[in-house]
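Data block below; observations after.
This one's a predicted model, so the numbers in the text were calculated from it and none came from an experiment. Below, read A as the first sequence line, B as the second, and so on, with proteins coming before strands; counting in each chain starts at 1.
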Amino acid sequence: EAGVTQFPSHSVIEKGQTVTLRCDPISGHDNLYWYRRVMGKEIKFLLHFVKESKQDESGMPNNRFLAERTGGTYSTLKVQPAELEDSGVYFCASSPTIRDALYNEQFFGPGTRLTVL
Amino acid sequence: GEDVEQSLFLSVREGDSSVINCTYTDSSSTYLYWYKQEPGAGLQLLTYIFSNMDMKQDQRLTVLLNKKDKHLSLRIADTQTGDSAIYFCAESLPGGYNKLIFGAGTRLAVHP
């Protein structure tokens with residue numbers, strides 16, 4: 001079974017540009033999460049989709065960030081315009097429906113390293 | 001509030017035991033987790049413990065939970081070079097949708 005995949009693995013952009021990150025969850029997983037780790041600090045929650053609906057977007061830093069999950073499959077996270085403080089590693093994770101998740105294991109992708117210059 | 005703290009670095013000799021510590025602030029945590037991140041890879045769930053348990057053992061791994069002190073530890077017996085990685089402590093809170101609250105990660109370096 002394929003794991004969570006993310007694209008690109010690394011992105012270097014200039015301040016003010018736009019970047020779109022993509023996440024493909026494990027097939028059949030209804031829950032999709034985005035997290036971010038900045039400068040070796042803690043991994044912080046950004047938002048959570050259940051299928052195509054945003055369940056919790058309390059961690060989104062500001063309106064420069066837009067997440068979508070069309071059709072409840074893959075998800076994109078767009079940063080527009082990017083700022084220096086947006087640099088970090090963006091992780092995506094997925095998990096099965098709550099009733100199927102014994103202990104809510106979230107399966108993580110390898111992350112996208114974003115560098116804003 | 002929600003806060004998870006861990007020491008940033010640990011160095012051990014191959015064959016010794018490693019103990020990675022974590023403290024958390026929210027007493028309503030349902031599950032606590034240890035994730036491992038190897039270079040260039042995503043986070044891999046290593047083990048977890050339900051909040052009503054005190055200890056869990058899984059082969060070389062022992063997890064201890066002290067709910068009174070809100071302290072979680074991960075002991076790795078007979079540490080090997082392949083155990084070198086960043087270890088993240090995380091908690092999930094009640095409410096059904098279980099976003100994870102992570103610490104900053106402890107980098108474990110295993111030397112000969």
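- A continuous path of hydrophobic side-chain contacts links B/M53 to B/L61 [ILVMFWY only; heavy atoms under 4.5 Å].
- Closest heavy-atom contact between A/R37 and B/A104: NH2-O, 2.8 Å.
- Looking at A/S9, neither its backbone nor its side chain comes within 4.5 Å of chain B, counting heavy atoms on both sides.
- Side-chain contact between B/Y35 and A/Q106 is present, with heavy atoms from C-beta onward closer than 4.5 Å.
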### Query
Could you go step by step and tell me if A/D56 and B/K99 meet the side chain to side chain contact (heavy atoms under 4.5 Å, CB included) rule?
CA-CA 9 Å; A/D56 180 356; B/K99 67 180 182 183; 3.9 Å; yes

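- Aromatic ring centroids of B/F102 and A/Y35 lie under 6.0 Å apart.
- Surrounding NZ of A/K44 are at most 12 heavy atoms belonging to other residues, nucleotides or ligands under 6.0 Å away.
- In this structure, chain A has no heavy atom under 4.5 Å from any part of B/F50.
- Neither the backbone nor the side chain of A/R113 has a heavy atom closer than 4.5 Å to any heavy atom of chain B.
- For the atom pair A/K41 NZ and B/L8 CG, the distance stands at 11.5 Å (nearest 0.5 Å).
- Interface remark: B/I86 contributes side-chain atoms only to the contact with chain A (heavy atom separation under 4.5 Å).
- The environment of B/K56 atom NZ is dense: over 12 non-hydrogen atoms of other residues, nucleotides or ligands sit within 6.0 angstrom.
- Note on B/L46: it clusters hydrophobically with B/L72, by side-chain heavy-atom contacts below 4.5 Å among ILVMFWY residues.
- Using a 4.5 Å cut-off between side-chain heavy atoms of Ile, Leu, Val, Met, Phe, Trp and Tyr, with links allowed through other members, B/Y48 and A/Y33 fall into the same hydrophobic cluster.
- Shown here for A/F108 and B/L43, the closest heavy-atom pair between the two residues is CB-O, 3.5 Å.
- Hydrophobic clustering (ILVMFWY, side-chain heavy atoms < 4.5 Å, transitive): A/F91 and A/L114 are in distinct clusters.
- Only the side chain of B/Q37 comes within less than 4.5 Å of a heavy atom in chain A; its backbone stays farther off.
- A chain of hydrophobic side-chain contacts below 4.5 Å, direct or via other Ile, Leu, Val, Met, Phe, Trp or Tyr residues, connects A/W34 to A/F65.
- The environment of NZ in A/K54 is crowded: more than 12 heavy-atom neighbours from other residues, nucleotides or ligands sit within 6.0 Å.
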### Task
Determine, stepwise, if the pair B/L100 / A/F45 fulfils side chain to side chain contact (heavy atoms under 4.5 Å, CB included).
CA-CA 7 Å; B/L100 297 179; A/F45 167 81; over 6 Å; no

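- The shortest heavy-atom contact between B/G40 and A/P110 is O-CB, 4.3 Å.
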